[in-house]
Amino acid sequence: LKKIRKFQESDKATLTALWQAVFPDDPPHNEPSLVIEAKLAVDDLIFIAEEEDGEMIGACMAGYDGHRGWLYAVAVSPDQRRNGTGKALVLFAIKALKNLGCKKVNLQIRPTNTEVANFYKSLGFSTEDRLSMGTFIE
Ligand SMILES: CC(C)(COP(=O)(O)OP(=O)(O)OC[C@H]1O[C@@H](n2cnc3c(N)ncnc32)[C@H](O)[C@@H]1OP(=O)(O)O)[C@@H](O)C(=O)NCCC(=O)NCCS
């Protein structure tokens, strides 16, 4: 059995290690310790999945901008997958977004990532035909 809870300051090193292990190819601007710092400066929508003994086995981040909600960096330890942890994390994050008044949740994944697409489809997400655009702010 596992529980999902909010991030706390003492999780920082463990969460950094988890995200580094699960997203080894992320660009430098997504370096986990920087991401955590920046996120906590805005809100605390970081969620942790842990085993009964307290071991961290998953995490994710959510955001709400007053219009849409977003999910980011949903990660489950490789040796703990297909056991419902990812689903529990996403449902917990969605509930937190709903409590803030959010009515629509978006997420981005690479188009080649069909396994993760299947994960989100199993949770009721569907592909929306949009062009995702972005720019770096100097
Ligand atoms: C995606 C991820 C978070 C899923 O976590 P998980 O704990 O294994 O997922 P769950 O056990 O809750 O899976 C729920 C359902 O999603 C679907 N699913 C999950 N992983 C899947 C896979 N690799 N292939 C196909 N379907 C999958 C299944 O329907 C599954 O139900 P089932 O196990 O009863 O068949 C995990 O694989 C992960 O950390 N991947 C790498 C990180 C990543 O790419 N994250 C997304 C970017 S934001």
Side-chain angles (χ1 to χ4, degrees):
L1 249 154
K2 55 192 158 280
K3 85 168 184 197
I4 314 293
R5 59 168 177 79
K6 274 261 180 91
F7 170 90
Q8 50 201 43
E9 231 14 84
S10 56
D11 294 318
K12 204 168 169 188
T14 316
L15 176 58
T16 299
L18 174 74
W19 271 339
Q20 276 167 347
V22 174
F23 304 112
D25 303 324
D26 263 10
H29 67 266
N30 281 349
E31 204 290 309
S33 59
L34 301 176
V35 168
I36 294 167
E37 274 308 308
K39 179 62 170 167
L40 294 176
V42 178
D43 63 47
D44 64 347
L45 299 178
I46 306 178
F47 305 101
I48 303 295
E50 68 180 16
E51 287 287 22
E52 280 197 338
D53 64 2
E55 184 200 357
M56 187 187 298
I57 57 170
C60 73
M61 196 158 67
Y64 181 53
D65 56 23
H67 182 51
R68 294 202 178 104
W70 288 86
L71 284 177
Y72 309 94
V74 181
V76 172
S77 300
D79 60 348
Q80 301 282 348
R81 291 182 188 167
R82 298 309 286 266
N83 198 20
T85 303
K87 176 178 180 176
L89 269 168
V90 168
L91 295 182
F92 193 95
I94 288 175
K95 200 189 286 175
L97 290 169
K98 187 177 178 191
N99 287 341
L100 294 172
C102 175
K103 297 197 161 50
K104 169 104 195 277
V105 183
N106 291 2
L107 60 92
Q108 295 180 322
I109 56 174
R110 297 207 165 79
T112 48
N113 205 344
T114 50
E115 290 190 355
V116 173
N118 286 332
F119 165 69
Y120 286 117
K121 278 180 196 158
S122 81
L123 298 178
F125 288 79
S126 57
T127 308
E128 298 177 316
D129 189 18
R130 306 281 187 277
L131 205 57
S132 180
M133 298 178 75
T135 185
F136 286 96
I137 302 171
E138 298 292 319

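First listed ligand is number 1; within each ligand, the first listed atom is number 1. These numbers come from a predicted model, not from an experiment.
From the protein, the heavy atom lying nearest to atom 9 (O) of ligand 1 is Phe119 CE1, 3.5 Å. The protein atom (non-hydrogen) at minimum distance from atom 37 (O) of ligand 1 is Arg81 CD, 3.4 Å. For atom 23 (N) of ligand 1, the closest non-hydrogen atom of the protein is Glu115 OE1, 3.3 Å. Ranking the protein heavy atoms by distance from atom 7 (O) of ligand 1 puts Gly86 N, 2.8 Å first. Annotation: atom 15 (C) of ligand 1 to nearest protein heavy atom, Ser122 OG, 3.3 Å.
Within ligand 1, the atoms closer than 4.0 Å to a non-hydrogen atom of Val116 are 1 (C), 43 (C), 44 (O), 46 (C), numbered from 1 in the order shown. Short contacts between ligand 1 and Lys87, defined as distances under 4.0 Å to a heavy atom of the residue, involve ligand atoms 12 (O). Taking a cut-off of under 4.0 Å to the non-hydrogen atoms of Asn118, the atoms of ligand 1 that pass are 25 (C), 26 (N). Close approach of ligand 1 to Ala73 is summarised as follows: ligand atoms under 4.0 Å from at least one heavy atom of the residue are 48 (S). Less than 4.0 angstrom separates some heavy atom of Asn113 from each of these atoms of ligand 1: 44 (O). Remark: ligand 1 atoms within the under-4.0 Å shell around heavy atoms of Phe23 are 42 (C), 43 (C), 45 (N). The contact set between ligand 1 and Ala75, taken as ligand atoms under 4.0 Å from a residue heavy atom, comprises 39 (O). Near Thr85, the atoms of ligand 1 lying under 4.0 angstrom from a non-hydrogen atom of the residue are 7 (O), 12 (O).
A salt bridge is defined here as a Lys NZ or Arg NE, NH1 or NH2 lying under 4.0 Å from an Asp or Glu carboxylate O, and Glu115 with Arg81 fails to meet this definition. Checked for salt-bridge contact, Asp11 and Arg5 meet the test: a charged N lies under 4.0 Å from a carboxylate O.
The shortest N or O to N or O distance between Gln108 and ligand 1 is not below 3.5 Å. An N or O contact shorter than 3.5 Å links Val74 to ligand 1 by distance. The shortest N/O to N/O separation between Val76 and ligand 1 falls below 3.5 Å. Ligand 1 has a nitrogen or oxygen under 3.5 angstrom from a nitrogen or oxygen of Arg82. The shortest N or O to N or O distance between Gly84 and ligand 1 is under 3.5 Å. When only interatomic distances are considered, the shortest N/O to N/O separation between Ile109 and ligand 1 does not fall below 3.5 Å. Taking any N or O of Tyr120, backbone or side chain, none lies under 3.5 Å from an N or O belonging to ligand 1. Among the atoms of Tyr72, none of the N or O lies under 3.5 angstrom from an N or O of ligand 1.
The protein reaches atom 35 (O) of ligand 1 closely, with a heavy atom under 4.0 angstrom from it.
Residues satisfying the ring-ring contact (aromatic ring centres under 6.0 Å, His included) criterion with Phe119, sequence neighbours excluded, are absent altogether.
Residue Leu107 places no heavy atom under 4.0 Å from ligand 1.
Contact detail for Ala49 and Ile4: the closest heavy-atom pair is CB-CD1, 3.6 Å. Scanning all heavy atoms of the two residues, the minimum distance from Met56 to Ile48 falls at CG-CG2, 3.7 Å. Heavy-atom minimum distance, Pro24 versus Ala21: CD-O, 3.6 Å. In terms of heavy-atom proximity, Gly69 sits nearest to Cys102 at N-SG, 3.4 Å. Nearest heavy atom pair, residue Gly101 against residue Tyr64, reads O-OH, 3.5 Å.
Atom CG of residue Asp65 and atom CG of residue Leu100 lie 11.0 Å apart, to the nearest 0.5 angstrom. Taken to the nearest 0.5 Å, the CH2 atom of Trp19 stands 12.5 Å off from the OG1 atom of Thr14.
Judged by distance alone, the side chain of Lys39 and the main-chain N or O of Ala62 form a donor-acceptor pair under 3.5 Å. Judged by distance alone, the side chain of Asp53 and the main-chain N or O of Glu55 form a donor-acceptor pair under 3.5 Å.
Applying the 6.0 Å contact sphere to NZ of Lys104 captures more than 12 heavy atoms from other residues, nucleotides or ligands.
Residues Leu97 and Val74 fall within the same hydrophobic cluster, defined by Ile, Leu, Val, Met, Phe, Trp and Tyr side chains chained together at heavy-atom separations under 4.5 Å.
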